[in-house]
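Each remark here refers to the structure printed beneath this line.
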Number of protein chains: 2
Amino acid sequence: MTERDVAGPAGDGTDPAWVRAAAEATAREVFAVIGTKWALDAVNALAPGTLRFAELRRELPGISHKVLTQTLRALERDGIVARTVHPTVPPRVDYRLTAAGRGLRDVVNGMCDWSRRHLAEILAARTRSGPTG
Amino acid sequence: MTERDVAGPAGDGTDPAWVRAAAEATAREVFAVIGTKWALDAVNALAPGTLRFAELRRELPGISHKVLTQTLRALERDGIVARTVHPTVPPRVDYRLTAAGRGLRDVVNGMCDWSRRHLAEILAARTRSGPTG
DNA sequence: CTGTATCCTATGTGATACTG
DNA sequence: CAGTATCACATAGGATACAG
């Protein structure tokens with residue numbers, strides 16, 4: 001894997017096979033990460049700008065200390081949020097969206113649009129699958 | 001909730017608040033569903049057309065009988081796939097994408113594009129989070 | 001052929017207490 | 001303030017057997 005193997009803009013048709021495969025696998029994993037209970041809320045909370053751990057926690061009423069840490073670690077692992085530790089006392093840790101994280105919001109908006117367009121079908125399907133079977 | 005409350009095309013700015021809230025909640029849930037291990041593969045397998053249970057299973061090497069059932073039930077619950085039971089013996093059950101399911105592929109493609117665009121950043125973040133910490 | 005029930009392991013989510 | 005450890009519980013994923 002060299003630098004020039006990472007082809008130009010997405011969808012230009014020149015991506016090597018391994019890039020397509022990695023992109024599809026990554027897409028699935030990112031769906032899983034932002035499908036966890038609080039990840040989407042955390043990304044939305046960070047959209048306006050940088051927040052400290054405790055600030056972020058206040059933006060997410062009901063989240064536990066541990067779960068916020070886990071959620072942020074998962075988002076950090078996939079390059080969606082960046083974490084900056086200031087070696088002060090008491091410690092200060094800032095979280096912000098990366099370029100990738102900001103781009104991810106377009107995908108999320110696409111999913112919200114899809115939900116709006118198909119909300120009636122979805123609710124109908126859930127009614128069928130719920131009470132009656 | 002009446003029919004006319006379901007506003008026109010997404011993003012036209014006329015959606016009532018409850019539609020936006022429902023869409024965001026639904027988006028999160030759909031991220032979770034298609035983030036499960038096999039859901040995306042199942043949707044891709046059904047993209048060309050209708051498949052029976054056993055055909056679908058052959059398209060997804062390694063999936064277990066039970067997990068395929070669970071995956072399909074989850075997709076059916078959110079109106080992404082439709083299930084048709086033919087009352088024959090032996091039984092025959094067909095699965096196909098709904099209109100919503102076909103529309104979902106655009107969102108998935110958006111996520112794949114995002115992955116391709118940011119693959120280098122993602123892999124770098126994972127390298128940092130993985131071995132070294 | 002399709003689907004459910006059972007048993008198992010791994011992980012997500014959360015409450016609480018402890019550490020630097 | 002931020003993070004980790006521990007305990008508890010629910011659910012995802014899977015192997016296998018049984019049922020319609």
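Chain letters run A, B, ... following the sequence lines, proteins first and then strands; every chain starts at 1. Note that the coordinates shown come from a computational prediction; the quantities given were computed from them, not determined experimentally.
With D:dG3, D:dG14, D:dC1 as the choices, the nucleotide that has an atom nearest any side-chain atom of A:Arg83 turns out to be D:dG3.
Along DNA chain C, the stretch of nucleotides lying under 4.0 Å from any heavy atom of chain B spans, 5' to 3', C:dC1 to C:dT6.
Looking at which nucleotide of DNA chain C each of A:Lys37 and A:Pro91 is closest to, the 5′-most match is held by A:Lys37. Mapping A:Pro90 and A:Ile63 onto DNA chain C by nearest heavy atom places A:Ile63 closer to the 5' end of the strand.
Clustering ILVMFWY residues whenever any of their side-chain heavy atoms sit less than 4.5 angstrom apart, transitively, puts A:Val85 in the very cluster that holds A:Leu51.
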Donor-acceptor pairs under 3.5 Å, side chain of residues 28-39 of chain A to any protein atom, not counting sequence neighbours: which ones?
unit_1, atom_1, unit_2, atom_2, d
A:Arg28, NH1, B:Gly35, O, 2.5
A:Glu29, OE1, B:Arg126, NH1, 3.0
A:Glu29, OE1, B:Arg126, NH2, 2.7
A:Thr36, OG1, A:Val33, O, 2.7

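In this structure, B:Thr88 reaches neither bases nor backbone, as no heavy-atom distance under 4.0 Å exists between it and the strands shown. As judged by a 4.0 angstrom heavy-atom cut-off over every strand, B:Val93 is placed among residues touching the sugar-phosphate backbone only. Nucleic acid contact for A:Lys66: base, since at least one base atom lies under 4.0 Å from a heavy atom of the residue.
A salt bridge links A:Asp94 to A:Arg92: at least one charged side-chain nitrogen sits closer than 4.0 Å to a carboxylate oxygen.
Using a 4.0 Å cutoff on non-hydrogen atoms, no part of residues 51-60 of chain A comes near DNA chain C.
Atom NE2 of A:His65 and atom C1' of D:dA5 are 12 Å apart (whole Å).
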